[in-house]
Amino acid sequence: MLHNAFCDAWGIEVPIFLAGMGVGGRATPPALVAAVSQAGGLGVLGCSGLSPEETRRRIRAVRALTDKPFGVDLLLPARIADAPPTRSAVRDEIRARFPQHAAFVQELIRRYGLPDVKPADETVVNIEYAKSVLEVIFDERVPVFAAGLGDPDFLLDRARAQGMKLLGLSGSVRNAVRQKKTGVDAIVAQGTEAGGHTGTVASLPLIPQVVDAVSPTPVLAAGGIADGRGIVAALALGAQAVWIGTAFLVADEGELFDACKDQIVASDSEAFRISKIWTGKTVRAFHSEISQAWAESGLPTLETPHQRILMEDFLAAALAAGRHDLFYNIAGQAGGLVKGRRPAKDIMADLVDGAVEQLRRLQRDLVISLP
């Protein structure tokens with residue numbers, strides 16, 4: 001058993017959290033979240049971009065599968081201007097405003113023989129949307145809320161009133177200190193090795209700096225952790241638990257496309273690179289043919305949300321054609337450690353057993369002289 005005082009405070013058996021990943025809800029569906037919680041960790045639903053109704057359905061689906069604690073992760077926009085409406089008129093305006101970029105996206109669609117379809121208008125990730133989904137989360141009395149982006153300070157009083165724990169994610173010491181000031185219950189220190197939106201500081205130097213800067217607020221370590229050795233290293237750096245995403249992307253319960261799972265299993269760490277081509281923000285993902293085509297185009301990526309909105313034209317076309325191998329595959333450098341697709345309970349068992357075995361090895365092999 002791998003257990004500490006943090007586990008007692010959060011009502012879990014082992015200090016392992018499933019990162020609340022997005023990708024249209026495919027990365028962390030209810031079955032995967034429940035499986036991680038049922039195995040003693042804490043599963044987190046990635047619900048950003050999902051409607052309030054779908055968010056409620058997923059929360060209830062988790063509860064139908066487990067009575068263990070779980071959480072919900074949302075991206076909280078800093079400003080409404082960061083996410084304008086995605087209705088057709090705005091999409092057309094952006095295509096007209098950036099003709100070279102729009103033309104290149106269309107050229108990619110033709111290059112791969114994809115249908116010329118347009119994306120359906122999606123949920124707008126702005127303040128009004130966030131508030132509507134948060135109402136569902138509070139109404140359903142979810143035990144844990146994680147702010148994947150943004151500060152959850154405006155939720156503090158209400159969360160405290162119903163016993164909800166708050167998590168803040170940070171990729172720098174500066175942001176971690178800001179999260180501490182909001183009053184969150186724990187902070188995820190995410191190194192640049194992680195998948196998705198990530199910062200520039202690696203896990204090894206970031207985690208101990210964040211631990212020192214926000215003490216006594218507990219820290220969860222993220223980025224590059226996919227086996228028991230990584231868990232032990234994170235605990236040695238001062239973290240109380242780990243926040244793991246990439247290792248679970250290939251779980252049988254996950255709904256990520258088979259082609260994306262296969263890319264993760266078959267690739268080494270160098271295949272997962274940071275770029276701005278998918279959203280206009282730095283995102284670590286599998287370096288695909290599409291990533292390479294953008295790199296060779298000579299076109300600078302646009303700021304968010306313009307780049308994202310244009311790339312949604314390509315993603316809609318790829319989905320319509322069933323070309324999931326061309327879809328954006330957000331994953332971290334820990335993908336190099338992932339060797340096969342398995343049930344989540346087996347992934348959890350290997351993480352725990354690997355950490356315990358590593359601790360035993362250290363105890364056996366290290367000679368420590370204490371005064």
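- By the 4.5 Å heavy-atom criterion applied to side chains, Leu256 and Val250 are not counted as neighbours.
- Looking at Lys180 and Ile187, their side chains come closer than 4.5 Å, going by heavy atoms from C-beta outward.
- No continuous path of ILVMFWY side-chain contacts below 4.5 Å connects Phe17 to Leu74, so the two sit in separate hydrophobic clusters.
- Heavy atoms only, all atoms of each residue included: Ala316 and Val117 are closest at O-CG2, 3.6 Å.
- The heavy-atom pair separating Pro15 from Ile12 by the smallest distance is CA-CD1, 4.3 Å.
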Please report, to 0.1 Å, the donor-acceptor pairs under 3.5 Å made by any side chain of residues 336-348, with sequence neighbours excluded.
| from | atom 1 | to | atom 2 | distance (Å) |
| --- | --- | --- | --- | --- |
| Lys339 | NZ | Gly336 | O | 2.9 |
| Arg341 | NH1 | Asp262 | OD1 | 3.0 |
| Arg341 | NH2 | Asp258 | OD1 | 2.8 |
| Arg342 | NH1 | Asp350 | OD2 | 2.2 |

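- Within the structure, the side-chain hydrogen bond (donor to acceptor under 3.5 Å, both in side chains) test picks out the following pairs touching residues 55-64 (sequence neighbours left out): Glu54-Arg57, Glu54-Arg58, Arg56-Asp139, Arg56-Glu140, Arg60-Glu140.
- Looking at every heavy atom in both residues, Leu167 comes nearest to Val144 through CD1-CG1, 4.1 Å.
- Side-chain N or O atoms of Thr217 include none that pairs as donor or acceptor with a backbone N or O of Ala186 at under 3.5 Å.
- Using modelled atom types, no side-chain atom of Ser267 and backbone atom of Phe286 make a donor-acceptor pair closer than 3.5 Å.
- Cluster annotation: Phe327 is connected to Phe272 through the hydrophobic network of ILVMFWY side chains, with a link wherever side-chain heavy atoms come within less than 4.5 Å.
- Between Leu42 and Ile16 there is no side-chain heavy-atom pair separated by less than 4.5 Å.
- Using the six-membered ring where Trp is involved, Phe314 and Trp278 have ring planes that are tilted, between 30° and 60° apart.
- The pair Glu312-Arg91 counts as a salt bridge, with a side-chain nitrogen and a carboxylate oxygen less than 4.0 angstrom apart.
- Looking at every heavy atom in both residues, Ser203 comes nearest to Ala222 through OG-O, 3.2 Å.
- A single hydrophobic cluster is seen to contain both Val201 and Val214, as judged by linkage of ILVMFWY side chains at heavy-atom distances under 4.5 Å, directly or through other members.
- Contact check for His101 versus Leu302: side-chain heavy atoms found under the 4.5 Å cut-off.
- Between Ile264 and Ala331 the shortest heavy-atom distance is CD1-CB, 4.0 Å.
- Between the side chain of Ser37 and the main chain of Lys68, no donor-acceptor pair closer than 3.5 Å is present.
- Residues satisfying the side chain to side chain donor-acceptor pair (under 3.5 Å) test with Gln333, not counting sequence neighbours, are none.
- Two residues are said to be in side-chain contact when any heavy atoms from C-beta on lie closer than 4.5 Å; Val211 and Gln240 fail this criterion.
- Remark: the backbone N or O of Ala251 is paired with a side-chain donor or acceptor of Lys261 at under 3.5 angstrom.
- Atom CD of Gln292 sits in a crowded spot, with more than 12 heavy atoms from other residues, nucleotides or ligands closer than 6.0 Å.
- Put simply, the side chain of Ser132 never gets that close to the backbone of Pro52: no donor and acceptor are under 3.5 Å apart.
- The pair Asp157-Arg160 does not meet the salt-bridge criterion, since no charged nitrogen lies less than 4.0 angstrom from a carboxylate oxygen.
- For Arg361, the side chain to side chain contact (heavy atoms under 4.5 Å, CB included) test picks out Gln358, Arg364, Asp365, with sequence neighbours left out.
- Of the possible donor and acceptor atoms, none in the side chain of Asp73 sits under 3.5 Å from a partner among the backbone N and O of Val44.
- If you look at Phe98 and His306, their ring centroids are closer than 6.0 Å.
- When side chains are defined from C-beta on, Pro30 counts as touching Leu45, because their heavy atoms get closer than 4.5 Å.
- Between Glu93 and Arg97 there is no salt bridge, since no side-chain nitrogen of the basic residue lies less than 4.0 Å from a carboxylate oxygen of the acidic one.
- At a threshold of 4.5 Å between side-chain heavy atoms, the hydrophobic network of Ile, Leu, Val, Met, Phe, Trp and Tyr places Leu237 and Ile225 in one connected group.
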### Message
Is there a side chain to side chain contact (heavy atoms under 4.5 Å, CB included) between Val33 and Leu18? Walk through the geometry before answering.
### Response
CA-CA 7 Å; Val33 171; Leu18 165 67; 4.0 Å; yes

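- Thr182 contributes a side-chain N or O that, together with a main-chain N or O of Gln179, makes up a donor-acceptor pair within less than 3.5 Å.
- The closest side-chain donor-acceptor pair between Gln307 and Glu303, if any, does not fall under 3.5 angstrom.
- At most 12 non-hydrogen atoms from other residues, nucleotides or ligands lie less than 6.0 angstrom from NZ of Lys181.
- The two residues Val352 and Val14 come nearest to each other via the heavy atoms CG2-CG1, 4.0 Å.
- Residues Tyr328 and Leu108 fall within the same hydrophobic cluster, defined by Ile, Leu, Val, Met, Phe, Trp and Tyr side chains chained together at heavy-atom separations under 4.5 Å.
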#### Entry: Stepwise side chain to side chain contact (heavy atoms under 4.5 Å, CB included) test for Leu220 and Phe6
CA-CA 10 Å; Leu220 283 71; Phe6 178 87; 3.8 Å; yes

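- Put simply, CD on Glu193 and CD1 on Ile274 are 9.0 Å apart, with the number rounded to the nearest 0.5 Å.
- Side chain of Thr28 to backbone of Met21: a donor-acceptor contact under 3.5 angstrom is found.
- Atom CZ of residue Arg273 and atom NE2 of residue His287 lie 4.0 Å apart, to the nearest 0.5 angstrom.
- You'll find the side chain of Leu319 reaches within 4.5 Å of the side chain of Phe257, heavy atoms only.
- In this structure, the side chain of Arg26 engages the main chain of Glu255 through a donor-acceptor pair within 3.5 Å.
- Judged by distance alone, with hydrogens and angles left aside, the side-chain atoms of Ser288 form no donor-acceptor pair with the main-chain N or O of Leu326 at under 3.5 Å.
- Atom CD of Gln363 is surrounded by 12 or fewer heavy atoms from other residues, nucleotides or ligands within 6.0 Å.
- Within the 4.5 Å cutoff, side-chain heavy atoms of Arg141 are placed close to those of Gln162.
- Residues meeting the side chain to side chain contact (heavy atoms under 4.5 Å, CB included) test with Asp325, sequence neighbours left out: Ala259, Gln263, Arg323.
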#### Entry: Test log, rule side chain to side chain contact (heavy atoms under 4.5 Å, CB included), inputs Leu299 and Trp294
CA-CA 7 Å; Leu299 287 174; Trp294 268 101; 4.0 Å; yes

### Task
Walk me through it: do Ile109 and Gln106 pass the test side chain to side chain contact (heavy atoms under 4.5 Å, CB included)?
CA-CA 5 Å; Ile109 290 172; Gln106 290 303 309; 3.8 Å; yes

### Stepwise salt bridge (charged side-chain N to carboxylate O under 4.0 Å, His left out) test for Glu135 and Arg158
CA-CA 11 Å; Glu135 282 302 317; Arg158 193 172 178 186; 2.7 Å; yes

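- For the residue pair His3/Glu13, the side-chain donor-acceptor check at 3.5 Å is not satisfied.
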Please tabulate, for side-chain N and O atoms in residues 168-176, each donor-acceptor pair with protein atoms closer than 3.5 Å (sequence neighbours left out).
| from | atom 1 | to | atom 2 | distance (Å) |
| --- | --- | --- | --- | --- |
| Ser170 | OG | Ser172 | N | 3.3 |
| Ser170 | OG | Ser172 | O | 2.7 |
| Ser170 | OG | Ala176 | N | 2.9 |
| Ser172 | OG | Asn175 | N | 3.1 |
| Ser172 | OG | Asn175 | ND2 | 3.3 |
| Asn175 | OD1 | Arg178 | NH1 | 2.7 |

